[in-house]
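Data block below; observations after.
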Amino acid sequence: MLDPRLFRSDLEQVVQQLQRRGFQFDAVAYQALEDRRKGVQVKTQELQNERNTRSKAIGQAKAKGEDVQPLLDQVADLGDQLKAAEAELNDIQNQLSVLLEGIPNILDATVPAGKSDADNQEVSRWGEPRQFTFTPKDHVDLGEPLGMNFELGAKIASARFVVLAGKLATLQRAIIQLMLNTHINEHGYQETYVPFLANADSLRGTGQLPKFEADLFTVKNDPTFYLIPTAEVPVTNIVRDVIVEAKQMPLKFVCHSPCFRSEAGAYGSDVRGMIRQHQFEKVELVQIVTPETSAQAHEELTAHAETILQKLNLPYRKVLLCAGDTGFSSSKTYDLEVWLPGQQKYREISSCSNFKDFQARRLQARWRNPETGKPELVHTLNGSGLAAGRTLIAVMENYQNEDGSITVPEALRPYLGGIEKIQ
RNA sequence: GGAGAGAUGGCCGAGAGGCCGAAGGCGCUCCCCUGCUAAGGGAGUAUGUGCCAAAAGCGCAUCGAGGGUUCGAAUCCCUCUCUCUCCGCCA
């Protein structure tokens, strides 16, 4: 959520900034609603003040043993007026918050213009795509003989689910272990274990609700639960309604979790294989930082994710998302795209975002600034470090041999009992 | 799942319709005194939000959440959530 005060003080600027995303903000309708809000709120508060004052007078008169009937007569119709004003104000504020919750974050000044992923800006490349002496297979063809079974996934649940058996399942677990250990031991993150179902308040806090409910799986329950689409949701909500002491900052959490996405609107895309599943494993990095350090933290967090790709010796590129491709809650996002020989393409394997105070305002996540002594909104960041399912694919495709076996990357061997090859 | 108890500021805890945004204690911050490892005295110490460019100021809201009764609710009523104790079930 954006700062409502920003809308009041600099509406024109906000409209322009949102336009960079292609988001048309109806400033006229907003202004009309805001004008009503101001009028009704002031009136309501005046009525409340009057009620409080008069009630106090009644109490004092009664204590002195005076006749309070005349005073009671004076406030006879105050209650109804107040009730009506409060109801109207409540209605207006609901409308306003619906409006505000549907508005995306303001983009960072460094985000390039553009409409789609075609306009994203490549920042750097690391590693050289391997030259194969044979035609490389994709992970589906490689995986099926090794225990990757999509029919079973469909039987047990539906399309877009998979069953991994044997060494492939172990390989994915090894990948997760490497990621966790690296981020904990080398990058200073604290490991967390969290609920994989979250309530509506939590989803609202990180920005998935109310706008993106269709992307979530819901659990029939009262109240409704949602399967987490990413560990970002439960982990970032650790600081919801919290005032963090300055000496505890920055908070750095790493969390392995399954992620569940309905992939509504993704029909027909990436239907083959494990690229786009309803359930996948991910290791997520979350940082809660002070505002002036968030840009720096964003670079660092992205580098932490890159470390994993480097340890696995997987070629990748780092891309700065353009205005039109940057997610709703983010002000700036780097994607890491890994080289997939089976597709002859770089594909997203990590997305690292600086949300600045956008999530923090929804979450009321704050820190106490020692300079002012006041609670101020924190900045939140997160990034995949990395998506484990896609990392599995990348390892399989990049490390495949002509006979269909897969060489285990050096960095993973300690987690696989030292074996060098999966076949 | 059943029965009972509870939820008040950073923490403990009083509060039982008006004098309560809330006693007292602890903690913390600042000042004073004292001087030797500890003590004494004083002041301050919630959050959100409206009017305002901002500050100041003046309001409004908040005692788990939501609703109700009342001129007036931390206090009375209803619903829900969470915590604790006991029983049952269970990885």
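Every chain is numbered from 1 and lettered A, B, ... according to where its sequence line falls, protein lines coming before strand lines.
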What is the base-pairing partner of B:A23, counting Watson-Crick and G-U wobble geometry with both distances under 3.5 Å?
none

Side-chain N or O of A:Asn49 less than 4.0 angstrom from OP1 or OP2 on B:C60?
yes

Can you identify which nucleotide, out of B:C51, B:U49, B:A61, has its nearest atom closest to the A:Gln48 side chain?
B:A61

Spacing of the C1' atoms in B:C90 and B:U81 (rounded, Å):
24 Å

Considering every strand and a 4.0 Å limit on heavy-atom distances, what is the contact class for A:Lys62: base, sugar-phosphate, or nothing?
base

Check whether A:Ser384 reaches the backbone of A:Ser350 with its side chain - one donor and one acceptor, N or O, closer than 3.5 Å.
no

Please report the distance, rounded to the nearest Å, between CG in A:Leu6 and C1' in B:A54.
15 Å

For B:A74 and B:A46, measure between their C1' atoms and round to the nearest Å.
16 Å

Please name the nucleotide paired to B:C30 by Watson-Crick or G-U wobble geometry with both distances under 3.5 Å, or report none.
B:G42

Between B:A61 atom P and A:Leu47 atom CG, what is the distance in whole Å?
11 Å

To the nearest angstrom, the CD-C1' distance between A:Glu50 and B:C60 comes to 14 Å

Nearest to side-chain heavy atoms of A:Leu72, which nucleotide of B:G59, B:A61, B:C71:
B:C71

Would you kindly give the CZ-to-P distance between A:Arg366 and B:A46, to the nearest whole Å?
14 Å

d(NZ, A:Lys43; P, B:C51) in whole Å:
16 Å

Whether A:Asn52 contacts B:C60 is assessed here as follows: a side-chain N or O lying under 4.0 Å from the phosphate OP1 or OP2. Is that the case?
yes

With a 4.0 Å limit, can you tell me whether A:Arg54 has a side-chain N or O closer than that to the phosphate oxygens OP1/OP2 of B:U70?
no

Under a 4.0 Å N-O cut-off, is there an ion pair linking A:Lys137 with A:Glu144?
no

Do A:Arg276 and A:Glu263 meet the salt-bridge criterion of a basic N to acidic O distance under 4.0 Å?
yes

Qualifying residues under ring pair (Phe, Tyr, Trp, His ring centres under 6.0 Å), relative to A:Phe161, sequence neighbours excluded:
A:His278

Is there a Watson-Crick or G-U wobble partner for B:G17 with both distances under 3.5 Å, and if so, which one is it?
none

No-H, no-angle donor-acceptor pair, A:Gln45 side chain to B:G59 base, under 3.5 Å
yes

Find the distance A:Leu78:CG to B:C71:P and express it as a whole number of Å.
11 Å

Close aromatic pair by centroid cut-off 6.0 Å: A:Tyr189 and A:His304
yes

So, the side chain of A:Arg366 versus the backbone of A:Val242: is there a donor-acceptor pair under 3.5 Å, distance only?
no

Return the pairing partner of B:C52 with a 3.5 Å limit on both distances, Watson-Crick or G-U wobble; otherwise return none.
none

Complementary nucleotide for B:U37 - Watson-Crick or wobble, under 3.5 Å
none

A:Ser55 side chain, from C-beta outward: closest of B:G48, B:G18, B:U47
B:G18

Would you mind classifying the nucleic acid contact of A:Pro375 as base, sugar-phosphate or nothing, using non-hydrogen atoms under 4.0 angstrom?
sugar-phosphate

What's the gap between B:G18 and B:C86 when it is taken at their P atoms, as a whole Å value?
38 Å

Does A:Arg8 have a side-chain nitrogen or oxygen under 4.0 Å from the phosphate oxygens OP1 or OP2 of B:G50?
yes

Which base sits across from B:A61 as a Watson-Crick or G-U pair, both distances under 3.5 Å?
B:U47

Tell me if the centroids of the rings in A:His298 and A:Tyr334 come within less than 6.0 Å of each other.
yes

Side-chain donor/acceptor of A:Gln364 to backbone N/O of A:Arg361, under 3.5 Å:
yes

Between A:Ser9 and A:Ile243, who's closer to the 5' end of RNA chain B by nearest nucleotide?
A:Ile243

A:Lys56 side-chain proximity, nearest of B:C19, B:U49, B:G72:
B:C19

With the side chain defined as heavy atoms from C-beta on, A:Arg51 is closest, among B:G50, B:U47, B:G72, to B:G72

Taking for each residue the nucleotide of RNA chain B bearing the nearest heavy atom, is the 5' side occupied by A:Glu34 or by A:Glu376?
A:Glu376

Counting only Watson-Crick or G-U wobble pairs whose two distances fall under 3.5 Å, which nucleotide matches B:G9?
none

B:C86 pairs with which nucleotide, Watson-Crick or G-U wobble, both distances below 3.5 Å?
B:G2

Just call it for A:Arg361: base, sugar-phosphate, or nothing, with non-hydrogen atoms closer than 4.0 Å on any strand.
nothing

Using a 4.0 Å heavy-atom cut-off across all strands, classify A:Lys83 as base, sugar-phosphate, or nothing.
sugar-phosphate

Whole angstrom is fine here: how far is it from NZ in A:Lys247 over to P in B:C28?
11 Å

d(CD1, A:Ile58; P, B:G17) in whole Å:
18 Å

